[in-house]
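We name chains A, B, ... by the order of the sequence lines, and we start the count at 1 in each one.
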Number of protein chains: 2
Amino acid sequence: MSSVNLKQLAQALDLSVSTVSRALNDSYEISAATKEKVQLLATQLGYQPNPYASSLRRQQSKTVGVIIPEVANNFFSLAINGIEEVARQNGYHVLIYLTHENFAQEQTIVQHLANGRVDGILISVSGETQDAAHFAKLRELNLPTVFFDRVCEQTDTASITTDDYDSGYRATHHLLERGCRRIMHLTLAQHLSIGQKRMQGYLDALRDADVAFDPALLVRGGHGSDHNTALVQQLLEQDPSIDGIFAAVESLAIAGYRACQATGRRIPADIKIIGFSNLEMADLLNPSLTTIRQPAYAIGREAATILFQGLMKNRPILTSQSQELKSELVVRASTGGLG
Amino acid sequence: MSSVNLKQLAQALDLSVSTVSRALNDSYEISAATKEKVQLLATQLGYQPNPYASSLRRQQSKTVGVIIPEVANNFFSLAINGIEEVARQNGYHVLIYLTHENFAQEQTIVQHLANGRVDGILISVSGETQDAAHFAKLRELNLPTVFFDRVCEQTDTASITTDDYDSGYRATHHLLERGCRRIMHLTLAQHLSIGQKRMQGYLDALRDADVAFDPALLVRGGHGSDHNTALVQQLLEQDPSIDGIFAAVESLAIAGYRACQATGRRIPADIKIIGFSNLEMADLLNPSLTTIRQPAYAIGREAATILFQGLMKNRPILTSQSQELKSELVVRASTGGLG
DNA sequence: TTTATTCACGGAAACGATTGCGAAACAGAC
DNA sequence: GTCTGTTTCGCAATCGTTTCCGTGAATAAA
């Protein structure tokens, strides 16, 4: 800890602690002359207020918690990037917690954050989460929360999402357009609204194209990329008619690539792949991957901005502040595009 | 904040605050019966100690700061993964700060962490950093610090690195073996020890192979992938004799790919590329990328472990606790390997 | 019965900052 | 000279925990 505190400053200046405190906080009650003296010595001695004393007294920590499933993932790391930037601009600190897509961990983390350690929470829900009781507690405690990307719809607060239904529809439509008829759908979060919306887009696109939906083509991924690759591979081996893969998350698109490699399916000749992804080098893959690119950085920025606006103005976060950003379909070689 | 505090518990139980506190901390001074009663009510009411009051009194925050250049980068995000895991196991919280390779930001962040907000710091130095004065202050304040990957050698504390010299040597040797003679070296942190070691490996490998070193083949990357691509592209256009690229960081390997694309150089026929990288899908690139893969997750874990050992036992972090982990050369198509 | 000793707990002072309130000091107005 | 008002500052309470010390009662030792 920085060893110098208010008391020492006060003694050195022959002033009271309260005067020094007010001088440093630029209170109107303190004369300009005193303020100057105090601030001079404070900078000379490198005084920094003890954040814990300050937080205790003020009942606010100038800290937000970010809860995400993973960090080794381009989407989430870009989002963190945006969050951290806004946080710094507003003088806030960022605590980070990873759930590893594990519901129990998410519960524990949320509970631990309910003790005043953070002034607000930004969260992207774990793929396993079905119950929203732990989030309800946050509302009870009046702890401002903003969801991003992976939303819990039962909790009424703001959320930043992308046009998941549209994206799912467009992705599927794109595959259909390219001649696919037996399209596998890979998802991680089937019961999360994000997964359902993407899937609904998939279903509606199929229906609009008069292509029958086959539940057998639905694959729910789990943990571990090897496991997921095996799942896809198995299905590919069982069903030679499959000619398209729509991966609702990046890791599953990769699993799709590997599974195709393993089973000798050529992309895009035999099978076409499209996936949600924020890979900067999706165009350098072999073949380059057609993607739905989410504005991950902007999502982080927006979510954080809404949270901080609420915190600064001491207003509750309203559902009406939610935003839906647009994702972008980038056609590349994996669906027979250029490149 | 969780609204229930010690005083309320004490009143409800007709006990004193100190007794309740001790009961919850399992003090030997409290009878088993009382402990049970207290703990029962505490869990019933969902009591959670106020972390700021506790930190203030105990003079420790149970929080560590992690300072890294970027998070949207597989190496750092994997390292964070390791750090967060160890932190959670030890009951610590993780504050995250990004420097964006900016020295001034690094200084500011380090200064702000010198106020007792964190009990320790894990840091990977920004590429711009040359001065170590801000780190010296940390030692003065006795704030335990562990460097990982990007080390500041002037500061005497533990650091977790990889065998950068060897890796640089092996990477270069590999290119030479594959017939390259005009090897470009791309680096971000030329004055950091990590950059120097990798470059020294490069130089020594050249010397051992009796290949002349041409300073013109040294490219120091900057910010922005477009900028870096342009740099490489320019050099490639100027000098058609270049037949190899050794990228000391992942982003520069990507820049190399793009530059080759732009200039029509075929990989690996015309030019071969090797790069430090933790891309999970390096094998899916076109062509698959020969990499030096660092054990990023393990680096994070080790660095955090050393820090927490020091914190828990209240011992200073010693330089002798430093570790050097081994990187792995994975040969792929970009240097003419299989795949 | 008296004296130590242990046990179980309460009082109160910390930790360092913020802030409501009061009180000197000084000015100007009457 | 008194009164009111402003400026500038100090006192002390407060945030919620932890912990040093003290104390009454019970038990053991003499």
Quiz prompt | Rounded distance in Å - CG (B:Leu6) to P (D:dC15) | solution = 13 Å

Self-check item: Sequence-distant partners of B:Phe76, ring pair (Phe, Tyr, Trp, His ring centres under 6.0 Å), two or more places apart
Solution: none

Quiz item: Looking just at side-chain N and O atoms, do B:Thr155 and B:Thr157 make a donor-acceptor pair shorter than 3.5 Å?
Solution: no

Quiz prompt | Separation of C:dC15 P from A:Gln8 CD (nearest whole Å) | solution = 11 Å

Exercise. Output all residues satisfying salt bridge (Lys or Arg N to Asp or Glu O under 4.0 Å) with B:Lys35, sequence neighbours left out; order by chain, then residue number.
Key: B:Asp26

Quiz item: What's the CD-C1' distance between B:Gln60 and D:dT18, to the nearest Å?
Solution: 12 Å

Enumerate, atom names and distances included, each donor-acceptor pair closer than 3.5 Å involving a side-chain atom of residues 301-317 of chain A, sequence neighbours excluded.
residue: A:Arg301; atom: NH1; partner: A:Glu85; partner atom: OE2; Å: 3.1
residue: A:Glu302; atom: OE1; partner: A:Gln323; partner atom: NE2; Å: 3.0
residue: A:Thr305; atom: OG1; partner: A:Arg301; partner atom: O; Å: 2.6

Quiz item: Roughly how many Å is it from CG in A:Asn5 to P in C:dC15, rounded to a whole number?
Solution: 8 Å

Exercise. Please round to 10 degrees the angle between the axis of the first five pairs and the axis of the last five pairs in the helix from C:dT1-D:dA30 to C:dC30-D:dG1.
Key: 60°

Quiz prompt | All side chain to side chain contact (heavy atoms under 4.5 Å, CB included) counterparts of B:Gln11, not counting sequence neighbours | solution = none

Quiz item: How would you list, by chain and number, every residue that makes a salt bridge (Lys or Arg N to Asp or Glu O under 4.0 Å) with B:Asp156, sequence neighbours excluded?
Solution: B:Arg139

Quiz item: Looking at DNA chain D, which of residues 51-58 of chain A put a heavy atom within less than 4.0 Å of it?
Solution: A:Leu56, A:Arg57

Quiz item: Has A:Asn25 got a side-chain N or O lying under 4.0 Å from the OP1 or OP2 atom of C:dT18?
Solution: yes

Listing time: all N or O pairs from protein to nucleotides 6-10 of chain C that are below 3.5 Å?
residue: C:dC9; atom: OP1; partner: B:Thr34; partner atom: OG1; Å: 2.5
residue: C:dC9; atom: OP2; partner: B:Ser31; partner atom: N; Å: 2.9
residue: C:dC9; atom: OP2; partner: B:Ser31; partner atom: OG; Å: 3.2
residue: C:dC9; atom: OP2; partner: B:Thr34; partner atom: OG1; Å: 3.1
residue: C:dC9; atom: N4; partner: B:Glu29; partner atom: OE1; Å: 2.6
residue: C:dG10; atom: OP1; partner: B:Ser16; partner atom: N; Å: 3.2
residue: C:dG10; atom: OP2; partner: B:Ser16; partner atom: N; Å: 2.9
residue: C:dG10; atom: OP2; partner: B:Ser16; partner atom: OG; Å: 2.9
residue: C:dG10; atom: OP2; partner: B:Thr19; partner atom: OG1; Å: 2.1
residue: C:dG10; atom: N7; partner: B:Ser18; partner atom: OG; Å: 3.4
residue: C:dG10; atom: N7; partner: B:Arg22; partner atom: NH2; Å: 3.4
residue: C:dG10; atom: O6; partner: B:Arg22; partner atom: NH2; Å: 2.5

Exercise. Would you tell me whether A:Glu106 and A:Thr129 have side-chain atoms, one donor and one acceptor, within less than 3.5 Å of each other?
Key: yes

Quiz item: Which residues satisfy the ring pair (Phe, Tyr, Trp, His ring centres under 6.0 Å) test with A:His112, sequence neighbours excluded?
Solution: none

Exercise. Would you kindly give the NZ-to-P distance between A:Lys7 and D:dG10, to the nearest whole Å?
Key: 15 Å

Quiz prompt | B:Leu24 CG to D:dG16 P, straight-line distance once rounded to whole Å | solution = 16 Å

Quiz item: Distance check: side-chain N/O of B:Asn50 vs OP1/OP2 of D:dC15, anything under 4.0 Å?
Solution: no

Self-check item: With B:Tyr97 via ring pair (Phe, Tyr, Trp, His ring centres under 6.0 Å) - residues at least two apart
Solution: A:His93

Quiz prompt | Pairing residues for A:Leu45 by the side chain to side chain contact (heavy atoms under 4.5 Å, CB included) criterion, not counting sequence neighbours | solution = A:Val4, A:Leu9, A:Leu41

Quiz item: Looking only at side-chain N and O atoms, does B:Gln59 come under 4.0 Å of OP1 or OP2 in C:dG16?
Solution: yes

Self-check item: Residue pairs passing the ring pair (Phe, Tyr, Trp, His ring centres under 6.0 Å) test where at least one lies in residues 51-75 of chain A, sequence neighbours excluded
Solution: A:Tyr52-B:Tyr52

Quiz item: Atom CG of A:Asn115 to atom P of D:dG16: distance rounded to whole Å?
Solution: 13 Å

Quiz item: B:Gln11 has an atom CD; how far is it from atom P of C:dG11, in whole Å?
Solution: 12 Å

